[in-house]
Amino acid sequence: MTLRHASIAALCGALLAFALALGRLTRPDVIIGWVDVFGAWDPSMLIFFACGVPSYHLMLRWARKRASQQRGPLLCVPQTRAVDARLIVGASIFGVGWGLGGTCPGPAFTSLGAGVSWALPFVAAMMLGLFAGEPARWAALRGRLRPRATESVAETHATRVAERLSRIP
Amino acid sequence: MRREEEMTQAFFAAAAGGLLFGAAAGLLMLGTGRIAGIAGIAGGLVHPERGELLWRALFVAGMLLGGLLGAQLLPASFVAHAGLSAARLLGAGVLIGVGARLANGCTSGHGICGVGRLSLRSVVAVAIFSTTGALTHLLDRWSTGGAP
């Protein structure tokens with residue numbers, strides 16, 4: 001990662017944080033308001049996402065176009081495609097934390113920069129969670145040789161078929 | 001009417017914030033090729049790899065600066081006290097961290113970037129954490145006797 005990339009990252013971080021503050025998502029009551037469907041529902045998050053998603057999508061298309069012309073940086077593309085147990089469990093746990101605290105990583109860092117006192121313990125706990133939540137750690141504890149998520153269902157099936165075939169005398 | 005004015009203001013604020021957020025996340029992709037998944041970027045600081053630390057650290061530093069600027073220009077967007085007990089604050093933080101690491105993304109990673117790239121995984125992730133979030137809050141209000 002070049003210094004230029006790092007500078008762009010710093011700028012983007014600042015803009016993202018300011019955007020969260022602008023949209024008031026730095027307030028736990030606004031985030032809780034999004035999930036408080038039976039109570040004081042706050043559509044701010046919905047509006048924020050409704051504007052943010054298309055905005056990002058257009059920028060992404062621009063980036064992809066440039067990449068196809070061999071211009072700009074290599075684009076990072078997530079490799080995992082399947083909706084696996086890890087995703088479901090992880091998203092569920094994330095949701096519980098969200099519902100309890102009304103904050104997620106973006107607003108937490110933004111609030112930390114703003115100097116609010118509760119942000120520091122939250123960010124510390126979050127960094128601990130990010131460290132502890134590494135699946136490889138748990139797979140190793142369970143004595144498995146590799147995390148299951150990296151092996152596709154097709155691969156597992158093929159392996160089992162091959163094993164059965166090899167046992168036929 | 002004050003209430004309507006407030007609601008209109010909040011609407012435009014959310015829209016403007018969202019537009020800026022999407023554009024900034026897009027700028028990160030355009031300029032560095034990286035996904036603006038804040039949990040993922042921060043996670044890379046506690047799971048360090050060579051050549052990955054500088055941009056992540058500067059990204060987070062940028063966020064802190066953005067927060068500082070926000071505090072100056074938009075003080076009403078911040079609350080001095082989250083109204084949560086220390087245990088709950090820490091617990092929520094750990095759960096957010098663990099969940100984001102397992103799910104490989106958070107609200108920005110899956111919610112904006114993943115959905116923005118039309119990823120089914122991300123749409124599912126958003127649906128799941130919104131649901132468990134809503135259920136958690138519901139249970140929470142129930143158990144505290146309906147107090148907000």
Side-chain angles (χ1 to χ4, degrees), chain A residues 1 5-6 8-10 12-19 21-24 26-28 35 44 47-48 51-53 55-57 59 63 73-76 83 86-87 90-101 104-106 109-110 113-114 116 118 121-122 125-127 129-131 133, chain B residues 14-15 17-34 38-39 43 46 51 54-55 58-59 62-68 70-71 74 77-78 82 89-90 92-99 101-103 106-108 112 115-116 124-125 128-129 132-134 136-137:
Chain A
M1 262 290 172
H5 284 178
I8 294 171
C12 291
L15 290 172
L16 289 172
F18 191 78
L22 188 59
R24 292 163 61 243
T26 39
R27 298 179 62 105
V35 293
S44 292
I47 297 160
F48 191 92
C51 296
V53 169
S55 165
Y56 177 77
H57 183 73
M59 296 286 281
L74 284 171
L75 302 186
C76 210
V83 175
R86 220 187 104 172
L87 180 78
S92 304
I93 294 173
F94 184 89
V96 175
W98 218 37
L100 284 176
C104 49
F109 281 118
T110 310
V116 299
W118 59 266
F122 187 89
M126 193 176 71
M127 297 306 284
L130 284 167
F131 178 76
Chain B
L19 277 173
L20 179 60
F21 195 94
L27 183 63
L28 189 72
M29 178 55 80
L30 204 60
T32 68
R34 296 304 184 120
I38 297 166
V46 286
L54 182 65
W55 79 271
L58 282 182
F59 178 87
M63 283 206 79
L64 296 177
L65 266 172
L68 187 66
L74 305 158
S77 291
F78 297 93
L89 198 63
L90 293 173
V94 171
L95 289 173
I96 287 277
V98 170
R101 192 71 187 172
L102 284 174
C106 58
T107 0
S108 57
I112 298 277
V115 174
V124 169
I128 290 175
F129 63 61
T132 59
T136 305
H137 180 67

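A note on names: the letters A, B, ... follow the listed sequences, proteins ahead of strands, and every chain is numbered from 1.
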Q) To the nearest 0.5 Å, how far apart are CZ in B:Arg101 and CZ in A:Arg86? A) 8.0 Å
Q. Based on non-hydrogen pairs under 4.5 Å, which of B:Val46, B:Thr136, B:Ile96 is most in contact with chain A?
A. B:Ile96
Q: For B:Ser77, enumerate each residue passing the side-chain hydrogen bond (donor to acceptor under 3.5 Å, both in side chains) test, keeping only those at least two apart in sequence or located in another chain.
A: none
Q. Which bit of A:Leu74 comes within less than 4.5 Å of chain B, counting heavy atoms only: side chain, backbone, both or neither?
A. backbone
Q.
A:Arg24: which residues meet the salt bridge (Lys or Arg N to Asp or Glu O under 4.0 Å) condition with it, sequence neighbours left out?
A. none
Q: Count the heavy-atom pairs under 4.5 Å between each of B:Ala24, B:Gly22, B:Gly66, B:Ala134 and chain A, then report the option with the highest count.
A: B:Gly22
Q) Which one of A:Gly99, A:Ala91, A:Gly101 has the most heavy-atom pairs closer than 4.5 Å to chain B? A) A:Ala91
Q.
So which residue, B:Ala71, B:Ala25, B:Gly43, ends up with the most heavy-atom pairs under 4.5 Å with chain A?
A. B:Ala25
Q. Which heavy atom of B:Ala39 sits nearest a heavy atom of A:Pro105, and at what distance?
A. CB-CG, 3.9 Å
(Q) Looking only at heavy atoms and a cut-off of under 4.5 Å, which of B:Gly93, B:Gly26, B:Cys106 has the most pairs with chain A? (A) B:Gly93
**Q.** Value rounded to 0.5 Å, distance of SG in A:Cys51 from CG in B:Leu19
**A.** 4.5 Å
(Q) Between A:Thr26, A:Leu16, A:Val96, A:Val116, who has the most heavy-atom pairs with chain B when the cutoff is under 4.5 Å? (A) A:Leu16
Q.
Would you compute the distance between atom CG of B:Leu20 and atom CZ of A:Phe48 and round it to the nearest 0.5 angstrom?
A. 8.0 Å
Q.
Is B:Val124 close to chain A through its backbone or its side chain, or both, or neither, when contacts mean heavy atoms under 4.5 Å?
A. side chain
Q | Over all atoms of both residues, closest heavy-atom pair of B:Thr32 and A:Pro73 | A | C-CG, 3.6 Å
Q. For B:Leu74, is it the side chain, the backbone, both, or neither that has a heavy atom closer than 4.5 Å to a heavy atom of chain A?
A. side chain
Q) For the residue pair B:Leu27 and A:Met59, what are the closest heavy atoms and their distance? A) N-CE, 3.5 Å
Q: Take B:Thr107 and A:Phe94, measure what side chain to side chain contact (heavy atoms under 4.5 Å, CB included) needs, and give me the verdict at the end.
A: CA-CA 9 Å; B:Thr107 0; A:Phe94 184 89; 3.8 Å; yes
Q.
Need one label for B:Ser108: side chain, backbone, both or neither, based on atoms under 4.5 Å from any heavy atom in chain A.
A. neither
Q: Specify which of A:His57, A:Met127, A:Arg27 makes the most heavy-atom pairs with chain B at under 4.5 Å.
A: A:Arg27
Q) How long is the gap from SG on A:Cys12 to CG on B:Leu58, to the nearest 0.5 Å? A) 12.0 Å
Q.
Students often mix this up, so state it plainly: with edges at 30° and 60°, are the rings of B:Phe129 and A:Trp98 parallel, tilted or perpendicular?
A. perpendicular
Q: Specify which of A:Gly23, A:Ala21, A:Cys104, A:Ala125 makes the most heavy-atom pairs with chain B at under 4.5 Å.
A: A:Ala125
**Q.** Max heavy-atom pair count under 4.5 Å with chain B, selected residue of A:Ile93, A:Leu15, A:Leu87
**A.** A:Leu87
Q. Where do A:Gly97 and B:Ala92 come nearest, in terms of heavy atoms and distance?
A. O-CB, 3.6 Å
Q: Considering non-hydrogen atoms only, spot the tightest contact between A:Ser55 and B:Ala23 and give its length.
A: OG-N, 3.0 Å
Q: Could you tell me which non-hydrogen atom of A:Gly106 sits nearest to which non-hydrogen atom of B:Met63, and how far apart they are?
A: O-CE, 3.6 Å
Q | Pairwise distance CG(B:Leu30) to CD1(A:Ile8) - rounded to 0.5 angstrom | A | 8.5 Å
**Q.** Spacing of A:Trp118 atom CH2 and B:Leu89 atom CG [to the nearest 0.5 Å]
**A.** 7.0 Å
